[in-house]
Amino acid sequence: MGFFTEMFARPRPQEHQRYRAALALLNAMSNADRADIGIKPADFPRIAREMSVR
């Protein structure tokens, strides 16, 4: 049980928060916006990872 306490008590790295924010931004885009820049929902995790590292 101590493992779970430590795992959830640690602060999350900033990259994780930026990843979640980038993913939320991508999900908020309309289909027309996505078509304009040529991305598909399957690309979201990769793009969000790239955005979070920057």
Side-chain angles (χ1 to χ4, degrees):
M1 204 59 165
F3 169 75
F4 287 113
T5 303
E6 182 168 335
M7 184 174 75
F8 292 115
R10 289 185 195 157
R12 293 183 176 181
Q14 290 294 330
E15 290 177 2
H16 185 70
Q17 292 172 353
R18 289 193 302 259
Y19 174 81
R20 291 175 60 91
L23 204 55
L25 176 72
L26 290 168
N27 283 320
M29 294 173 69
S30 70
N31 288 335
D33 291 337
R34 294 179 198 149
D36 284 344
I37 59 176
I39 62 171
K40 297 188 181 338
D43 299 329
F44 288 2
R46 178 185 52 82
I47 294 169
R49 270 194 307 277
E50 291 172 1
M51 290 172 68
S52 70
V53 172
R54 296 181 189 168

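Atoms considered below: every heavy atom in the structure, side chains included; atoms not considered: hydrogens, waters and symmetry mates. When a residue number appears, it is its place in the shown sequence, counting from 1. What you see is a predicted model; the values in this text were computed from it and never measured.
Contact annotation: the side chain of Arg49 approaches that of Arg46 to within less than 4.5 Å [non-hydrogen atoms, C-beta and beyond].
Side-chain atoms of Asp43 come within 3.5 Å of backbone atoms of Lys40 as a donor-acceptor pair (strictly under, hydrogens ignored).
Cluster partners of Ile37, using a side-chain heavy-atom cutoff of under 4.5 Å among ILVMFWY residues and allowing indirect links, are Tyr19, Leu23, Leu25, Leu26, Met29, Ile39, Phe44, Ile47, Met51.
Once rounded to the nearest 0.5 Å, the distance linking NE2 of His16 with OG of Ser52 reads 10.0 Å.
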